[in-house]
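Heads up, the thing below is written out as structure tokens.
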Amino acid sequence: MTMVLDVSGVTKRFGGLTALSDVSFSLDRGKILGLVGPNGSGKSTMLNVLSGVYAPELGSVTLNGAAITGMAPNQITRAGLARTFQNLQLFGGLTIGQNVMVGRNCRMSSSLLGTIFGFSSARREEDEARETARTYLDFVGLADRFDDETSSLSYGERRLLEVARALAASPEVLMLDEPCAGLSQGEADDLADSIRQVAAQGISVIVIEHNMRFIMQLVDRIVALNFGQKIAEGTPQEIRANEDVIAAYLGRRHA
Ligand SMILES: Nc1ncnc2c1ncn2[C@@H]1O[C@H](COP(=O)(O)OP(=O)(O)OP(=O)(O)O)[C@@H](O)[C@H]1O
């Protein structure tokens, strides 16, 4: 097994609130990890730390052995971590294909001027980005919609478009924040198939999701958080039977 991502002792505070407290876990190449926990347990904060939105007060994150803690989000994407967002973040004024090409931008060296003045190197890169975008749109079943307006997509299709855009960055680790929100069970099952194919290509995946059926059938391992602390880690079967996890979910529901 090759470890790709190592999260060690991460603590993140917002004023007096400790959103993450000394959280550690690691992720091997081509494996799928589920991050679960009740509302407010720190899942999104962890994704935001990993993707560079927040710098942690303590702890470190390494990707292939190199520290990425404290890097800016665009540097982290270039280093190999790409993500989708809980609240969709698509560009409404761009076509579906252009939205995916934006995701490829971090791998392009041409300047905007080069593109505007039609330099041949810029044109080549743009052609390559277009091809990459087509490949990933095909992967999520949207290839025939390349030139359509983003607004023509259903909510579920927009989620798939976000996944295609993140994949266009050629990540080593793909992070999905509640990818099933707004999807039908059928669409969620199709998405699970696509994520398995992503992992089979050697890309590691971290997924936050409240849909437990989806998580349990999809992931290799689960890290469970509660009040910012890691309370359990194990296979889906182990987590399902873990008393601390059960108590965390029941406790929040009663509260
Ligand atoms: N920018 C912020 N400023 C202040 N507090 C924050 C901020 N972001 C998150 N928090 C707090 O940190 C804690 C963890 O929040 P986080 O969003 O990471 O939880 P979560 O597990 O993703 O929850 P949910 O499942 O509801 O999305 C919560 O108490 C939340 O209110």
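The structure displayed is predicted, hence computed values, not measured ones. Just follow the structure's listing: the first ligand is 1, and inside any ligand the first atom is 1. The chain is numbered in sequence order, starting from 1.
The side chain of His210, and not its backbone, has at least one atom closer than 4.0 Å to an atom of ligand 1 (non-hydrogen atoms only; side chain from C-beta on). When heavy-atom distances to ligand 1 are checked against a 4.0 Å cut-off, Phe227 has no atom that comes that close, whether in backbone or side chain. For Ile208, no heavy-atom contact with ligand 1 is shorter than 4.0 Å.
Nearest to atom 25 (O) of ligand 1 by heavy atom, out of Arg13, Met46, Lys43, is Lys43. Comparing Gly16, Gly37, Gly40, Ala19 by heavy-atom distance to atom 20 (P) of ligand 1, the nearest is Gly40.
Annotation for ligand 1: atoms under 4.0 Å from non-hydrogen atoms of Ser44 are 17 (O), 18 (O), 20 (P), 22 (O), 27 (O). Taking every heavy atom of Thr45 and a limit of under 4.0 angstrom, the matching atoms of ligand 1 come to 9 (C), 14 (C), 15 (O), 16 (P), 18 (O). If you number the atoms of ligand 1 from 1 as listed, the ones under 4.0 Å from a heavy atom of Ser41 come out as 19 (O), 20 (P), 21 (O). Listed by atom number, the atoms of ligand 1 under 4.0 Å from Pro38 heavy atoms are 21 (O). Set against the non-hydrogen atoms of Leu17, the atoms of ligand 1 under 4.0 Å away are 11 (C), 12 (O), 13 (C), 29 (O).
Between the side chains of Thr150 and Asn99, at least one donor N or O lies within less than 3.5 Å of an accepting N or O. The closest side-chain donor-acceptor pair between Gln229 and Asp22, if any, does not fall under 3.5 angstrom. With no hydrogens or angles considered, a side-chain donor-acceptor pair links Arg83 and Asn48 at under 3.5 Å.
Using a non-hydrogen distance threshold of 4.0 Å, Gly15 does not register as a contact of ligand 1.
Salt-bridge check for Arg29 with Glu172: passed, with a basic side-chain N closer than 4.0 Å to an acidic carboxylate O.
Not counting sequence neighbours, Asp190 has no partner by the side-chain contact (heavy atoms from CB on, under 4.5 Å) test. The side-chain contact (heavy atoms from CB on, under 4.5 Å) test applied to Gln185 returns Ala188, Asp189, Asn211, Arg213, not counting sequence neighbours.
For Arg165 and Tyr136, the positive end is not near the middle of the six-membered ring at less than 6.0 Å and at most 45° from its axis.
Listed for the Ser152 side chain is no donor-acceptor partner under 3.5 Å among the backbone atoms of Asp148.
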